[in-house]
Amino acid sequence: MSSSTSLPHRPAGLPAPSLETPIIDDPLAYAEFTRQRIDAQGRTVCESGLQIAGITCAACSGILESALTRVDGVLEARVSAASARASVQWDPARTRPSELIAAVRGAGYDAVPDAAAPARELRRQEHRRALWRWFVAAFCAMQVMMLATPSYVAEPGDLAEDLRQLLNWGQWVLTLPVVLFAAGPFFRAAWRGLRQRRIGMDLPVAVGIATAFAGSMGATFSPGGAFGHEVWYDSVSMFVAFVLGARYLELRTRHRAQADLEASLATMPATARRESADGALETVSVRRLQRGDVVQVPLGEAFPADGLLLEAGTEADEALLTGESTPVPKAVGAMLVAGSVNVGAPARMRVERVGADTRYEAIVAMMRDAMTQRPAAVQVADRWAGPFLWAVLLLAAGAAAVWSLVDPARALPVAVAVLVVTCPCALSLAAPAAMVAAAGGLARRGVMLQRLDALEALARADRLFVDKTGTLTDEHGATARLVALTDSVDLALAESAAVALAVRSTHPLSAALAAGLSVSPLVMSRVDERAGQGLEGVDDQGRRWQLGSPAWLAPGLPLPDEARAVLSLDGRPVAQVMRAESLREDAAPALAALAERGLPATLLSGDRDARVQAMAARLGITRALGEASPEAKLAAVQAAQAQGHRVLMVGDGVNDAPVLARADVSLAMGHGALVARAQADAVVVSGRWQDVLRARATAVRTLAIVRQNLVWAVAYNAVGIPLAVIGWLPPWAAGLGMAASSLTVVLNALRAARDPMR
């Protein structure tokens, strides 16, 4: 199991690193776009995010991945054409970020660290270049069409040959900027693919443009020669304008999604006001905060770390975490989350989690990881794209050969039309565009995907297993109290021991107990947590204290319904933790809706069986398993999978981690334990069951959109290619069809980002 560590952060006031200098190789500089971990072999592994410019199709991903993996020290590289992002794992002992960027540039692309400022500048430059190319192609296409019109409308003999030749020369001059400047990305992408010994989707386009332009030049410079007298400058210029127009709209869509992501993650402050030992305030970098520090957060600023509110009350805008813009009231002792904005009153907080351990950093990591993944459906499409392109090239050559025997004058335009009309881009964009859009839409509403493949698994799931405590119950409304089992128990000592154990756990009941007991914790020399059972510690006098489930510490002991846990001393139960259990308001309606949509629920819990069965009855659940250990939960899921069911598991505790990892797809509630969130395929940061229902509906709709896109791409090529082969489709119409096909797929994919609950 790998463990995460945080990198040093660039101190406030240090200039941003320049990509042209070795500053980017300074750990303080690359910490902003790099995560560090220790793998199973004990090696330090860095994972850096890069923003890529110049990607034109899905084949670019393979070219870039090959270029990056050839760098010594690169362990793995993933590139997403849909989001123009790269995620690179590398060994800091063997390589540096500057070498990664140099490899990308050596492959003919550009890259900057995936941090907001350079990424925005890179997008601005890419947008400017794309707009200029489109403008040049569209403007010149209109002028070329004006010069070509007389040849189309003139009757035989009406247009003198020298005048026709002059018009052809004018068209050639106007088409030169289109071919040499506007169409540059097609030729560069095709050349990059050939250098990498890969056939890219721009190769047929480049061959078609070059062939049509060369044939037209031959007819212009040598009328009546081997190339005949027909020219296709209008087809070339209009085709380039149509395709560049479609790609410009794709670029705008991708840039808007990236800007939305950065805007949602831009609330984290760079500095914090920390109280020193003498009560004075000092401004420090958020990376310098440690657990236990006390910081002051003015009104209107974001909380710099996860922590507890110490005094007074306030409100927090947690839209980043939950997608809900309504401020959340916070009482003394409430958990404050990094990145949420203080909108109530000036606040003092005690830091509990910093850096990579905060929910904010977890959200950032999940969103960036999801954006760089290539789902199985995408990889299948990419595998088919290569053979498809070879077939297109052979088909174009064969069609030209046949038409050269039937009507030599039509051989060249037919070959160009075949090359141009084919649209493997639509085939390769069908899945990733929809999945990236769906992931972005879910992220804005409080559901963070850790892998894009989870969408397909979530849509196909037909059995739901759900944990009870903290997942179905509202563990934040009431505090817990400790009640002695006998009069001889020293309740004050028991409360101190219970608090000392409870503060070491993220379990909701432990948090409620720690908040409800205002006593000083007992000094514990060692505290261990047993998954699914509870906590165990030894105090400075050698006494063994245990806090956990009644099934573990007091089997067979009659306890009231409100008894949620037991405290024992040296193996003898001495007190019980009392707390009323309240059901989440949206749990029952969401579970009923999921059952209607083919996801009947099974309730799993380590709580007493009578309590679990009563909860199941309140929720209308027919299957429930109480007093279940982590092994029993795992066995229940495995049994369902053995019967052919696809299992969705929803949980939040440490004891849920094994079953979350075993399920076909899993969701962890955002307030749950870190190990549970790490094993889940997605995290419901909001903790709302309505968002679980929303995630399922989004996944089902996304899969439907992917199928629609694939059907459209196949149908378009099945109709367009035969029309081009038999000569019924001129090159300009083929270009329009190709552009419209790609644009249709992208626009349809954007529907996956919409809220399915509206």
Side-chain angles (χ1 to χ4, degrees), residues 17 19-20 24 30 32-35 46-71 74 76-90 95-130 133 184-186 188-193 195-196 198 200-202 247-248 250-262 364 367-374 378 382 425 428-429 432-433 435-436 439-440 452 746:
L19 297 183
E20 308 303 329
I24 196 173
Y30 66 68
E32 293 189 352
F33 60 94
T34 301
R35 288 179 294 159
C46 290
E47 183 173 354
S48 296
L50 300 176
Q51 190 89 30
I52 308 295
I55 289 181
T56 56
C57 67
C60 298
S61 298
I63 295 172
L64 283 163
E65 288 173 356
S66 298
L68 286 167
T69 51
R70 284 199 296 270
V71 176
V74 171
E76 181 184 355
R78 295 197 312 264
V79 179
S80 169
S83 60
R85 279 188 172 88
S87 177
V88 187
Q89 295 185 26
W90 50 281
T95 191
R96 291 291 182 268
S98 59
E99 297 180 30
L100 307 180
I101 293 176
V104 172
R105 291 175 175 172
Y109 300 82
D110 197 7
V112 294
D114 190 5
R120 280 196 300 269
E121 176 61 21
L122 186 66
R123 286 200 304 271
R124 189 191 68 80
Q125 295 176 4
E126 188 176 21
H127 175 268
R128 185 172 179 271
R129 288 193 297 265
R133 288 196 178 96
F186 304 125
R188 282 194 292 272
W191 175 242
R192 286 194 299 258
R195 281 197 309 167
Q196 300 283 341
R198 287 173 174 266
M201 295 174 194
D202 282 321
R247 291 194 175 182
Y248 174 73
E250 292 176 27
L251 182 75
R252 287 289 302 273
T253 301
R254 189 173 70 238
H255 283 185
R256 185 165 60 249
Q258 292 164 355
D260 289 345
L261 171 61
E262 289 171 2
V364 173
M367 294 177 76
R368 287 178 176 165
D369 286 347
M371 291 297 186
T372 57
Q373 290 175 0
R374 298 170 72 190
V378 178
D382 288 349
C425 291
S428 292
L429 285 172
M435 290 186 173
V436 168
L452 291 181
V746 172

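We number each residue from 1, following the sequence as shown.
Between atom CD of residue Gln51 and atom CG of residue Asp110 there is a gap of 11.0 Å, rounded to the nearest 0.5 Å. With rounding to the nearest 0.5 angstrom, the CZ atom of Arg124 is 9.5 Å from the CZ atom of Arg129. Annotation: the span from Arg85 atom CZ to Leu50 atom CG amounts to 11.0 Å, rounded to 0.5 Å. In this structure, Arg105 CZ and Ser98 OG are separated by 10.0 Å, a value rounded to the nearest 0.5 Å.
Within the 3.5 Å criterion, the main-chain N or O of Val79 finds a donor-acceptor partner in the side chain of Glu65.
The nearest pair of heavy atoms linking Ser87 to Glu47 is OG-OE2, 2.8 Å. Nearest heavy atoms, Val71 versus Ala103: CG2-CB, 3.5 Å. Tyr109 and Ala53 get closest at one heavy-atom pair: CB-O, 3.5 Å. Ile55 approaches Ala84 most closely through the heavy-atom pair CD1-CA, 4.0 Å. For Leu68 against Leu100, the heavy-atom pair with the smallest separation is CD2-O, 3.6 Å. Closest heavy-atom contact between Thr34 and Trp90: CG2-CZ2, 4.3 Å.
Side-chain contact between Ile52 and Ser80 is absent, with no heavy atoms from C-beta onward closer than 4.5 Å.
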